[in-house]
Colleague: 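Below is a structure I'd like to ask you about.
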Amino acid sequence: MDKTIPTLAEAVAGIGDGATVMIGGFGGSGAPIELIHALIDRHVATGHPTGLTVINNNAGNGHVGLAALIEHGMVKKLICSFPRSADPVVFTEMYLAGKIELELVPQGTLAERIRAGGAGIPAFYTPTAYGTDLSHGKKIEEFDGRPYVQERWLKADFALIKAHVGDTHGNLTYRAAARNFNPLMATAAKQTIVQVSHLVPPGTIDPETVITPGIFVQSVVQVTNPQQEEVLNRAKAVYP
Amino acid sequence: MDKTIPTLAEAVAGIGDGATVMIGGFGGSGAPIELIHALIDRHVATGHPTGLTVINNNAGNGHVGLAALIEHGMVKKLICSFPRSADPVVFTEMYLAGKIELELVPQGTLAERIRAGGAGIPAFYTPTAYGTDLSHGKKIEEFDGRPYVQERWLKADFALIKAHVGDTHGNLTYRAAARNFNPLMATAAKQTIVQVSHLVPPGTIDPETVITPGIFVQSVVQVTNPQQEEVLNRAKAVYP
Amino acid sequence: MTKLSNAQIAWRAAQDIEDGAYVNLGIGFPEMVAQYQPPGRQAIFHTENGILDFGPSPAVGAEDWDLINAGKKAVTLNPGAAFFHHADSFAMVRGGHLDVAILGAYQVAQNGDLANWSVGAKGVPAVGGAMDLVHGAKRVAVITEHVTKDGKPKLLAACTLPLTGVACVTRIYTSLAVIDIVDGHFVLREKLASLTFDDLQSQTGAPLHLDGPVQDLTVPELS
Amino acid sequence: MTKLSNAQIAWRAAQDIEDGAYVNLGIGFPEMVAQYQPPGRQAIFHTENGILDFGPSPAVGAEDWDLINAGKKAVTLNPGAAFFHHADSFAMVRGGHLDVAILGAYQVAQNGDLANWSVGAKGVPAVGGAMDLVHGAKRVAVITEHVTKDGKPKLLAACTLPLTGVACVTRIYTSLAVIDIVDGHFVLREKLASLTFDDLQSQTGAPLHLDGPVQDLTVPELS
C-alpha cells in the first residue's frame, strides 16, 4: 500500500465542478498553499473545477492561496467563521457584489460539525449561538433546564490538508499551530489529499505521536519547503 | 503552579461517599491500579468512600483493581460496556445477587458520551444501538432519512487516570494502548487525578506530543513502576 | 467435505479482503481471519481499544500488557502503526472509515439484522463495541456455523434473540455456504459441492434466492 | 483622571486573574491584559487555534508563522505548552475548562447579554470564536470604553445590536468603573474617585445598583 502521488497536478486531478472541498488552515498557518495553487493551475488551463463549495475558517488574505481561488471565480459558496483578514479585498468585493455565498458558522461549531462528520455523528447540541442570529431556524432543545442549538455534521467530497511529516500509509504529524482544522477535515472528506513537507517510510513516525492515522488519508504528495501565506502576502505576491 | 500531590492517599482523599468516578483503562491496560488501591485502603481504614458510581469500560478481573473496589462493596452502580473478563467472579456474583446496578452502554457510545461531557455537548445522535434493547426509551430522530439514537453526555465528580509521562502542570502522555479512555475521562470530570509513571518539569514533554493538556488535570501523583492488572491476576493476587 | 472448519470459514472470508483494506475483526473466532490473508495482500487491522496496524501475538513471555487488542490478547505493531484514544477509535468505526468488519453471530436475519451480543437469558449482559461496529464499516460480514450445535438454523426470517443492529450485515460466510443479503433476501453465492440446494435450504430458516450461478465453495485443507 | 486608558483597563482586569488560571483573551484590545499580570502570578493563556501556554511575541524577524495566536500574531511558547486541534481547543472552551475569558464589547445588557460581533450594518459579517467563548469559561468578563466614541452608553437595559450570547457576562471593566452583573442588574463595585455616582449613572443605559460599598477604581500610570 502506497498512497503517494508524484505531482500536485495529479493529486488534485479528481476534484470536479461543484465539489465540496474542505481546506485546512487558520489564516496562513497550516494552509495547503501548493495544493490550492495546483487547483488554480488546472482552472487556468481547463476552466475547471468551478462552482466549488469551500469550507475553511477564513476567506483568504491578499491574492494567494484561498483568496486566489476565490479571485479566479472558482468558489460558489464559502462556509467559514471569520471572513476578515489584514487584506480581505478579494472576498469582500465578491461578497458585496453578490458573487459568492457565505454561510457564517461560529468557529467552535464549525470545528465540531467537521469532527461530527468524520465521526458518524449526524447532529449534536451546543450552547453556542443560542439566542443569536446564527441559530435562526435551528432546532432548540433543553437539557437539564438549559437551551441548546442542534447543529448538523459537515462532510466534504475532498479535503486539502497540509501536514509536516507523512508516511506512505498516510500517517501524519503537524507543526505547531498549523495543526488547527487539518486533522478534523482529514476525517470528514471522502478523499483526503495531503501535502507533506517530509515524506517518510512507514515505521518512521513514532506510533505515539501520529496525529492523523492513515485510515483518514487517501493521497499524499510531498511538497518540500512549502510557502507560507503570511510571507507571500508581506511580499504582495499574486497567484499565478 | 504545581499540581503534584506527594502521596496516593492524599490524591484520593477528596473522593466522598456517593461520588461519580470515572476510572481509565481497558481491561488492565491503562488502569490506575495504585489510585484504586489507595481508595480501597481508605475504605478499609475509615469505611469511606462508599456508594460510588463508577464509569469504566469493564467490571474488573480477578481480585485487584476495579474488581477489588467492587468486592469491598464500595460501588453502588457501574456504567460500562463489557462486564465480562477472564475472571469476572466478583462483579458477576454481586450483580446476580442484586447488590450492584449496571448501566450497559455500547463501547463507542460510552466513549462519545464521555467526550461530549468534556466538550460541553449535552447530547448527540448516533446510529449505534438503534433498534436494539440498548436504545429503549431513548429519543429517536431521523437525519437524511436514517434513524439515530439521542445519547446524553457523561460527566463525573472525579476521574482516576493512568498516564506514562506527566509534568507538574498536568500535561500527559500515555503508553501504547494504555491510552484508551484515559484522555477522554480526563476532560469529563470536575477533578482529574492522575498517576504518572514519570514526573518531569514543564517543558520536558514536546508540545507536539502532549495528549492531555494540563488544563484537564487537577492532581498529579507519581507512581514509578506501576503494577499491571494482568500480571497481578496471573499471580492470583488479592487486594489488599 | 460435510462442512468447513472454523479455520476454513476464516480462510474463505480472508479471500475477500483487498490489499490495503482497513479491517476490524471481532474478538474470538473472527480474529482467525488475519492468519489467512492471501499472499501479496496486506490488510491493516484496527482494534477498537486504540491501535491501527497491529500484528500477530508476541512470543509467550514477551508480552507487553499495554499493547493488547480488544480481546485483551497481547499483540505486536507493524511499521506504520498508530495509537489513539477511544473516541478517535470509534470515530473511525462509526464514521465509515473501516472497509470491512467481520463479526461472529448467534443469528442473522434475511434483512441483515444481526444478533450476536446476548442470548437473552439470565446472567451478565455485555456488548462491547459490537453495536458500533455494525454501523459504520463499509462492509459488515459475518462468519458463523451454518446451524447451532443442536442443528437449528442461525440464518432466519427474523432474529429471535436481542438485536445487535438492524439491517447491517451484507455477507455471511458459513460452514456450508457464502450468502449475500440483497434487498431483504438471502442470495446464495457459493455452497459446498457435496450439498444440494435443497440440503442447504433445509438448514436455513428463510428462503435462499438465486441471482446468477452458484459457485462451489472450495477451501484448502487447514490444520 | 477623567477616564482610564485601554492599558489601564487591561491592567485592572489583569488584577482579578489568579495564579495558574487558564485564560482566553479576545483578539485585539483584550490581548493587552496579558502584559499586566501581577508579579508572582502566572496565568496560562489559551488561544483557540490550538495552543495552551503561549508567551509574548517574538522579536521582529524571528516570527514562525506556524506559531500564531487567534489574532494571527506570531507568539512564543512557555515551558509546558501544548498543541491540539480545533475540536479539542473548543472542547476546552465549551466544556467549561477555562477559568476566565476576557472579551471586547459593542454593548452589554444588564442581564449579561453581549453584543460584540456585528454592528448590524451592511458589510461582511465575521464571528470567529466569540460565540463559543461566551459559553463555557467559568467567568466571562468584558473590557470596554464606558461609552461609544459619540458618547452613547454601551451598558444598556437591552442590547440593540446582534447578540453574541445571552446572559453570559458577569463582570465589566470599563474606562470609568468595574461593574458586576447579578440577577439581571448592573451592580457597581468600583468607580473613578473623580466621578460621582450620578455622573456614572448618566453615562450608563440602565440602573446601577449598589450591593455593599463602592471602592475607588485606582490604577497606576501606564505608558
Side-chain angles (χ1 to χ4, degrees), chain B residues 1-4 22 111-124 153-157 159 163 165-174 179 183-192 196 199-220, chain D residues 17-24 37-38 40-55 64 66-69 75-101 129 131-138 140 165 168:
Chain B
M1 185 180 53
D2 184 350
K3 298 179 180 174
T4 57
M22 293 178 174
E112 191 68 11
R113 289 178 65 192
I114 296 167
R115 187 219 171 245
I121 302 294
F124 61 89
W153 63 14
L154 265 180
K155 298 191 185 203
D157 300 307
V165 181
D167 70 23
T168 55
H169 287 193
N171 293 299
L172 307 175
T173 68
Y174 301 88
R179 190 180 301 188
L184 305 175
M185 291 178 170
T187 71
K190 280 181 217 139
Q191 291 282 324
T192 292
V196 302
L199 180 65
V200 298
T204 310
I205 305 174
D206 179 351
E208 299 283 3
T209 69
V210 170
I211 302 299
T212 294
I215 192 172
F216 296 122
V217 172
Q218 281 68 45
S219 305
V220 178
Chain D
I17 300 177
E18 293 177 4
D19 185 41
Y22 291 93
V23 180
N24 184 293
Q37 293 183 77
R41 287 194 229 163
Q42 192 166 11
I44 293 189
F45 293 103
H46 167 268
T47 181
E48 52 266 43
N49 57 314
I51 316 175
L52 202 60
D53 213 357
F54 66 95
D64 175 348
D66 284 342
L67 193 59
I68 60 175
N69 67 11
V75 296
T76 52
L77 294 183
N78 293 325
F83 299 121
F84 34 84
H85 61 52
H86 251 83
D88 283 349
S89 183
F90 280 92
M92 292 175 195
V93 171
R94 251 187 342 252
H97 304 285
L98 293 171
D99 295 298
V100 190
M131 286 192 184
D132 306 280
L133 281 163
V134 297
H135 297 290
K138 294 185 185 90
V140 176
C168 51

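Side-chain atoms are counted along with the backbone in the values below, which use heavy atoms only and exclude waters and symmetry mates. Here is the naming used below: chain letters follow the sequence lines, and residue numbers restart at 1 for every chain.
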Colleague: Just so I understand: if I count every heavy-atom pair under 4.5 Å between each of B:Pro201, B:Ala116, B:Gly214, B:Pro207 and chain D, which residue has the most?
Modeller: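 Of B:Pro201, B:Ala116, B:Gly214, B:Pro207, B:Pro207 has the most heavy-atom pairs under 4.5 Å with chain D.
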
Colleague: Look up atom CD1 in B:Ile215 and atom CG in D:Asp53, then write down how far apart they are to the nearest 0.5 Å.
Modeller: 10.5 Å

Colleague: Please give me the minimum heavy-atom distance between B:Asn171 and D:Gly80, naming the atom from each residue.
Modeller: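 Here B:Asn171 and D:Gly80 meet closest at ND2-O, 2.8 Å.
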
Colleague: Report which part of D:Leu77 has an atom under 4.5 Å of a heavy atom belonging to chain B: side chain, backbone, both, or neither.
Modeller: side chain

Colleague: State whether the number of non-hydrogen atoms from other residues, nucleotides or ligands found under 6.0 Å of D:Gln42 atom CD is greater than 12.
Modeller: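 Result for CD/D:Gln42: open.
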
Colleague: What's the spacing between B:Phe216 CZ and D:Leu52 CG if we round to 0.5 Å?
Modeller: 8.5 Å

Colleague: Over all heavy atoms of both residues, which pair between D:Ala81 and B:Val210 is shortest? Give the atoms and the distance, please.
Modeller: O-CG2, 4.1 Å

Colleague: For the residue pair B:His169 and D:Ile44, what are the closest heavy atoms and their distance?
Modeller: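 For B:His169 versus D:Ile44, the nearest heavy atoms are ND1-CD1, 4.0 Å.
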
Colleague: Check for a donor-acceptor pair, side chain of D:His97 on one end and backbone N or O of B:Gly118 on the other, with a separation under 3.5 Å.
Modeller: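 Yes, the answer is positive, given that a donor and an acceptor are paired below the 3.5 Å cut-off.
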
Colleague: With a 4.5 angstrom heavy-atom cut-off, which part of B:Lys155 approaches chain D: side chain, backbone, both or neither?
Modeller: neither

Colleague: Count the heavy-atom pairs under 4.5 Å between each of B:Ile205, B:Ile121, B:Asp167, B:Asp2 and chain D, then report the option with the highest count.
Modeller: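 Highest number of heavy-atom pairs under 4.5 Å: B:Ile121.
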
Colleague: How long is the span from the CZ atom in D:Phe83 to the OG1 atom in B:Thr209, to the nearest 0.5 Å?
Modeller: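 Here the rounded value is 10.5 Å.
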
Colleague: Just wondering, do B:Pro213 and D:Met92 contact through their side chains at under 4.5 Å, heavy atoms?
Modeller: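 Heavy-atom side-chain distance check passes, below 4.5 Å.
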
